[in-house]
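Data block below; observations after.
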There are 2 protein chains.
Amino acid sequence: MPYASFASMPCALGRPAALLGERWTLLLLRQIFLGTRRFEDFQAAMEISRSVLTDRLNVLLQEGVLKRVPYQEDGRTRHEYRLTEKGRDLYPVMMALRTWGEKWMTPEEEESFHLHHRDCGGGVRAKVECTDCGAELSARDVQVTARS
Amino acid sequence: MPYASFASMPCALGRPAALLGERWTLLLLRQIFLGTRRFEDFQAAMEISRSVLTDRLNVLLQEGVLKRVPYQEDGRTRHEYRLTEKGRDLYPVMMALRTWGEKWMTPEEEESFHLHHRDCGGGVRAKVECTDCGAELSARDVQVTARS
DNA sequence: TCCTTGAGTTCGGAATCCAAACTCAGCTAC
DNA sequence: GTAGCTGAGTTTGGATTCCGAACTCAAGGA
């Protein structure tokens, strides 16, 4: 199965893994969650080549993760890229990556940026829980069974 | 900044995003969490080219996500790839991807495989929560501030 | 001795990626 | 009214990376 055909693989984990597993896509989403919205700003912030940036943005548009929104500047109409609801729903994925990165890939006492809950000021972390009993789960608490 | 140098970027989200954002790496991890451990089995399950498989496994070994463990078969010693603790800790990332995939990338009523809590049989989902008050958070509930 | 198997390594062609140059539309300044 | 500037791409030729097939190598087995 060539990489591209994972897009149609019958697996709820395989499809997103193939989509987000292309070079630059996760880094692009990180930049978007940090607030970047315009082509030139992505290009400056990440030093990605312009043609690849065009391609990745188009893939995310096609998948409905991003939308192009017009805005005014100097009386001219331009467009910026924004998350759709589907895109915003990737927040747990980003936070899970960050939680892992902080624990396992952060040298010394570096702190890249702070995240805190607007209401109470607390920290932020990703976790996996049981939808019934609410317990926090690790891989070993979970049973995998083939599709029914 | 070329893609490779994101590995040393001072960002707890950037580094993991660059590591897992290489083609095949997320799909490889998916396969590992599903129980695959041997070179030939990865190759058969994913149809990845052997040279790229070698490369990706080595990167994950170097990062300490995987370890090579000897085992006996037919009286011969061979090796298999297994998750380290660091690797098992990627579980929330995988589950966040799957939770998103089920909601947004699953056509019709497809069910790829079932996950349930061993103890109570409940479902499994990823979420982001506040470490202080325990509330479930979305991107809009979280304030980002530059490193202090 | 030859065959099989798991686990890679090598290699030439195909597909991607990259940086730099080019395009194009709509102002702005002269 | 034309020359320049800017944001947002598109094009292009060379550098990387990926791919599939063939090759290697070590350790049994027939």
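Proteins get letters first, then strands, A, B, ... in listed order; numbering begins at 1 in each.
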* When the distance from CG of L61(B) to C1' of dA7(C) is rounded to whole Å, what number comes out? -> 13 Å

* To do: Just do the side chain to side chain contact (heavy atoms under 4.5 Å, CB included) check on N58(B) and L61(B) with the steps written out, would you?
  => CA-CA 5 Å; N58(B) 285 335; L61(B) 284 175; 3.9 Å; yes

* **Check ion pair R50(B)-E40(B) (N to O, under 4.0 angstrom)** => yes

* Contact check, side chains of R68(A) and E80(A), non-hydrogen atoms, under 4.5 Å -> no

* Sugar-phosphate means primed atoms, P, OP1 and OP2; the rest is base. With that split, encode nucleotides 4-18 of chain D 5' to 3' as B, S or - using protein heavy atoms under 4.0 Å. => --BSBBBB------S

* Can we say R125(A) and E129(B) salt-bridge, meaning some charged N sits less than 4.0 Å from an Asp/Glu carboxylate O? -> yes

* Could you state whether L90(B) and V69(B) fall into the same hydrophobic cluster, counting links through intermediate Ile, Leu, Val, Met, Phe, Trp or Tyr residues with side-chain heavy atoms under 4.5 angstrom apart? => no

* Asked: Parallel under 30°, tilted from 30 to 60°, perpendicular over 60°: which one fits the rings of F6(B) and W24(A)?
  -> perpendicular

* Structure fact -> Rounded to whole Å, the CD-C1' distance (Q43(B) to dA7(C)) equals 11 Å

* What is the distance from CZ of F6(B) to P of dC18(C), rounded to the nearest Å? -> 11 Å

* Intra- and interstrand pairs of DNA chain D - dot-bracket, Watson-Crick/G-U under 3.5 Å, | marks other strand -> ||||||||||||||||||||||||||||||

* Compute whether any side-chain donor of one residue and acceptor of the other, for Y71(A) and R38(A), lie under 3.5 angstrom apart. => yes

* Considering the options T25(A), L27(A), L66(A), which one meets the side-chain contact (heavy atoms from CB on, under 4.5 Å) requirement together with R56(A)? -> T25(A)

* Structure fact -> Between CG of L53(B) and C1' of dA7(C) the distance, given in whole Å, is 10 Å

